[in-house]
Structures are given as structure tokens and as C-alpha cells.
Amino acid sequence: MSSMSFREKSAWAMMAVMLLSGLYYFNAVVADPGAPVTVALVPYVLLVVVASVLVQVMLAIATPREANSGADERERLVVDRAGRWSGIVLAVGVVLAGGAYLLIPNGNMLFHHAMFALIAAQLADYAAQVYLLRRMV
């Protein structure tokens with residue numbers, strides 16, 4: 001793991017945070033689809049914030065020099081390209097959420113589907129960063 005850059009370690013860690021928190025959100029929605037949106041959303045947001053801060057602090061403590069350095073040109077290109085790819089995932093997810101709303105006109109489920117699209121897009125962003133950082137070495 002020491003051969004990985006700080007950015008790659010961060011992307012792996014955040015991908016794990018988003019995957020686990022996304023599964024938590026999915027389970028909360030499936031357990032009670034008729035519950036108010038905040039029942040699943042508030043714990044999810046708190047989980048993501050706390051876990052993200054903890055993971056980033058742990059990474060920064062482990063490698064303080066890398067954590068404090070800015071992104072180099074290659075890393076900026078990777079983040080830009082990964083962001084474009086994740087934007088496509090988000091767009092497709094939102095369109096699918098709209099299509100699901102046409103079939104099941106439920107505002108709460110539209111919200112949850114849009115949240116799933118956001119989670120999937122963020123996962124795609126981190127996965128693309130890992131892929132591109134490894135590919136562009």
C-alpha cells in the first residue's frame with residue numbers, strides 16, 4: 001500500500017465509505033419505503049460526514065507530507081476526467097429516476113432514486129480516479 005499515492009489511498013478509502021454508507025441508505029429505504037425521507041437521509045448524511053472526516057484524518061496522520069501537498073498536473077487531469085465520467089453516471093441515474101417516477105408517481109421514491117444516482121456517481125468518480133491513477137503512472 002505504500003506504493004500508492006495519497007490521492008489513490010484517499011480515493012480507495014472514500015470509495016469504501018461511499019459503498020458502505022450507500023448500502024446503509026439502501027437498506028434503510030428498503031426496510032420502510034413509506035417512511036419520511038429524513039428517516040434514511042439524516043443518518044446517511046451523518047455517517048458519510050463522520051466516516052469521511054475520520055478516514056481523511058487517519059490518512060493525513062499516516063502521510064502528513066503528502067496530505068499537505070497540492071495535486072500535481074497529472075492528478076488534476078485524473079480528477080477532471082473522473083468527474084466527467086461520474087457526471088455521465090449521474091445524468092443516466094437521474095433520467096432513470098425520472099422514468100421510475102413516471103411508472104410509480106411517488107415523490108419520496110423519486111428522491112431516493114435521485115440519491116441512489118448521486119451515490120452511484122460518487123462511487124464512479126472514486127473508481128475512475130483509482131483506475132486513472134493506476135493507468136497513468
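Residues Phe111 and Val30 are members of one and the same hydrophobic cluster, defined by side-chain heavy-atom contacts under 4.5 angstrom among Ile, Leu, Val, Met, Phe, Trp and Tyr. Linking ILVMFWY residues whenever their side-chain heavy atoms come closer than 4.5 Å, directly or via other members, places Leu23 and Val48 in the same cluster. Val42 and Val50 fall into different hydrophobic clusters, where Ile, Leu, Val, Met, Phe, Trp and Tyr are joined by side-chain heavy atoms under 4.5 Å apart, directly or via other members. No continuous path of ILVMFWY side-chain contacts below 4.5 Å connects Leu20 to Val55, so the two sit in separate hydrophobic clusters. With hydrophobic clusters built from ILVMFWY side chains whose heavy atoms lie under 4.5 angstrom apart, Val39 does not share a cluster with Phe26.
Heavy atoms of other residues, nucleotides or ligands lying less than 6.0 angstrom from CZ of Phe116 number more than 12. Summarising the local packing, CG of Leu103 is surrounded by more than 12 heavy atoms from other residues, nucleotides or ligands at distances under 6.0 Å.
With Gln122 contributing its side chain and Ile119 its backbone, the two residues share no donor-acceptor pair below 3.5 Å. Between the side chain of Glu66 and the backbone N or O of Phe6, at least one donor-acceptor pair lies under 3.5 Å.
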Acceptor/donor pairs from residues 80-98 side chains to any protein atom, 3.5 angstrom cut, sequence neighbours excluded:
{"unit_1": "Ser86", "atom_1": "OG", "unit_2": "Ala82", "atom_2": "O", "d": "3.4"}
{"unit_1": "Ser86", "atom_1": "OG", "unit_2": "Gly83", "atom_2": "O", "d": "3.0"}

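Shortest non-hydrogen contact noted between Gly107 and Tyr101 is N-CE1, 3.9 Å. Here the shortest heavy-atom pairing between Arg7 and Ser69 reads NH2-O, 3.0 Å. Here the shortest heavy-atom pairing between Ser52 and Val17 reads OG-CG1, 3.9 Å. Of all non-hydrogen atoms in Tyr44 and Met18, the two that sit nearest each other are OH-CE, 3.3 Å.
In this structure, CZ on Arg74 lies 5.5 Å from CG on Leu133, to the nearest 0.5 angstrom. Atoms CE and CG, from Met14 and Leu19 in turn, are 12.0 Å apart once rounded to the nearest 0.5 Å. Note: Leu41 CG to Asn108 CG = 11.0 Å, rounded to the nearest 0.5 Å. We find the CG-CG distance between Leu123 and Leu118 to be 11.0 Å, quoted to the nearest 0.5 Å.
Ser10 and Gln56 form a side-chain donor-acceptor contact under 3.5 Å, judged by distance and modelled atom types alone.
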Under the criterion side chain to side chain contact (heavy atoms under 4.5 Å, CB included), I'd like the reasoning laid out for Val29 against Met115: C-alpha separation, chi angles, the key distance, then a yes or no. CA-CA 11 Å; Val29 171; Met115 279 298 296; over 6 Å; no
